[in-house]
Amino acid sequence: MKTVQVFGPGCARCKQTEQLVRIALKDLELEAEVVKVSDYQAMAAAGVMATPAVAIDGAIKASGRIPTLAEIKGWLKE
Amino acid sequence: MNKSNRCDCNQPVATTPANRPVNWSRTLLLGAGLLVTWGLVYWQLEPFARWLTTSVFGLSLESSLGSAVAFFIYDTPKVLLLLTLIVFGVGVLRSFFTASRTRTILAGKREFVGNILAGLLGIVTPFCSCSAVPLFIGFVTAGVPLGVTFSFLIAAPMINEVAVVLLLGLFGWQVAALYVGTGLMIAILAGWVIGRLRMERHVEAWVYQAQMGESQEERLTWPGRIRFGWNSVREIVGKVWPYVLVGIAVGAAIHGWVPQDFMASIMGKAAWWSVPVAVLIGIPMYSNAAGIIPIVQALLEKGAALGTTLAFMMAVIGLSLPETIILRRVLKPRLIAVFIGVVGFGILLVGYLFNLVM
């Protein structure tokens with residue numbers, strides 16, 4: 001099972017990103033652990049400087065923007 | 001603390017990397033065609049507004065209503081056209097800069113030179129006040145001097161393309177250039193002063209202990225950059241157009257009806273205390289650049305001094321309370337106070353300077 005991390009301090013764009021991840025998982029009928037990371041130290045440790053950011057199994061896929069649904073699906077299918 | 005929503009971002013929502021091959025000649029032709037159309041429409045706006053007001057609506061340009069209507073019909077499409085073009089251009093430009101690339105450029109730079117670079121990069125690097133904290137940590141742990149980091153954090157929100165376009169469209173290039181020039185100056189000097197004050201121990205201790213991981217960068221291709229620009233237009237113009245409309249409507253009403261020099265007695269050059277009052281009122285106020293323009297428009301048009309008005313605008317969009325609250329996570333109160341104090345003082349000087357020379 002994949003782990004999807006959504007990095008963000010809780011801003012509107014971060015919530016939107018998390019929602020998109022959940023929609024993507026539902027559409028693809030995949031199970032994954034979705035973790036919201038709002039701790040700044042944890043963000044730093046992951047190398048995130050711009051939020052929202054998305055990481056799948058620890059690898060940052062996008063940072064500083066809300067990815068598109070299609071993009072997220074692509075990462076989940078990898 | 002409500003941390004949500006209140007962030008001003010100049011990053012587009014999504015930038016899907018386009019994997020399809022590009023037909024360059026078609027793209028360039030299309031771009032050139034769009035640019036020519038833009039130019040033709042832009043140059044025809046004024047005669048069109050006059051024609052519509054006088055011939056179609058049958059209003060005299062000398063009357064209050066007529067001049068207000070002509071002003072509105074001319075200014076609305078003008079500002080929206082300028083906004084589209086410049087936001088697109090800045091969007092494409094921004095796709096070349098990322099926070100991590102900017103950090104690499106600034107790391108280990110000497111003070112002053114570093115402050116200048118940071119101010120300039122603050123203008124072009126995509127920035128979101130909500131991610132001010134991770135950015136701060138990233139900069140400081142990578143060895144970007146504290147003062148240089150502040151130059152970046154001051155320039156990034158204060159000098160943004162929406163503010164510049166609105167000033168350009170409504171008050172001419174001189175006012176826009178003044179705003180950018182003095183905003184940059186404040187960012188450079190305030191950052192430099194904060195650096196000289198050696199305030200490193202007023203940064204929360206955990207920041208320096210944070211382990212910053214390797215940042216990965218996305219590679220963008222040219223189609224990706226064009227899409228980045230286009231997404232900027234969709235997002236920024238999509239968000240600010242109602243403000244622009246209201247702003248111009250207010251401006252038009254004032255243009256037509258409010259007597260000239262209405263504001264001169266309270267906010268004119270003669271009232272020396274108006275600059276500090278404008279800054280003090282502006283700091284806790286929070287608005288994006290588009291929202292503040294109607295007020296600026298109203299003030300300037302009716303005799304408020306340029307310096308006082310610019311100082312007010314800078315205080316509102318450059319020093320925002322939400323961003324300060326966010327930064328409190330990494331800065332101790334004294335450094336927050338120094339930050340607001342130094343930037344506020346810079347804005348004050350700019351206000352007086354312009355009132356003096358203009």
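Throughout, protein chains are lettered first and strands after them, A, B, ... in sequence-line order, and every chain is numbered starting at 1.
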Output every pair passing ring-ring contact (aromatic ring centres under 6.0 Å, His included) with a member in residues 134-155 of chain B, not counting sequence neighbours, ordered by first then second residue.
Phe139(B)-Phe152(B), Phe150(B)-Phe339(B)
Arg234(B) atom CZ: more than 12 heavy-atom contacts under 6.0 Å:
no
Which answer fits Ala53(A), side chain, backbone, both or neither, if we ask what part of it has an atom under 4.5 Å from a heavy atom of chain B?
neither
Once you round to the nearest 0.5 Å, how far does OG of Ser131(B) lie from CZ of Phe7(A)?
13.5 Å
Sorted by chain and residue number, the salt bridge (charged side-chain N to carboxylate O under 4.0 Å, His left out) partners of Glu200(B) (sequence neighbours excluded) come out as none
Minimal non-hydrogen separation, Pro134(B) against Val48(A), with atom names:
CB-O, 3.6 Å
One should read off an interatomic distance between Ile137(B) CD1 and Met49(A) CE, to the nearest 0.5 angstrom, of 11.0 Å
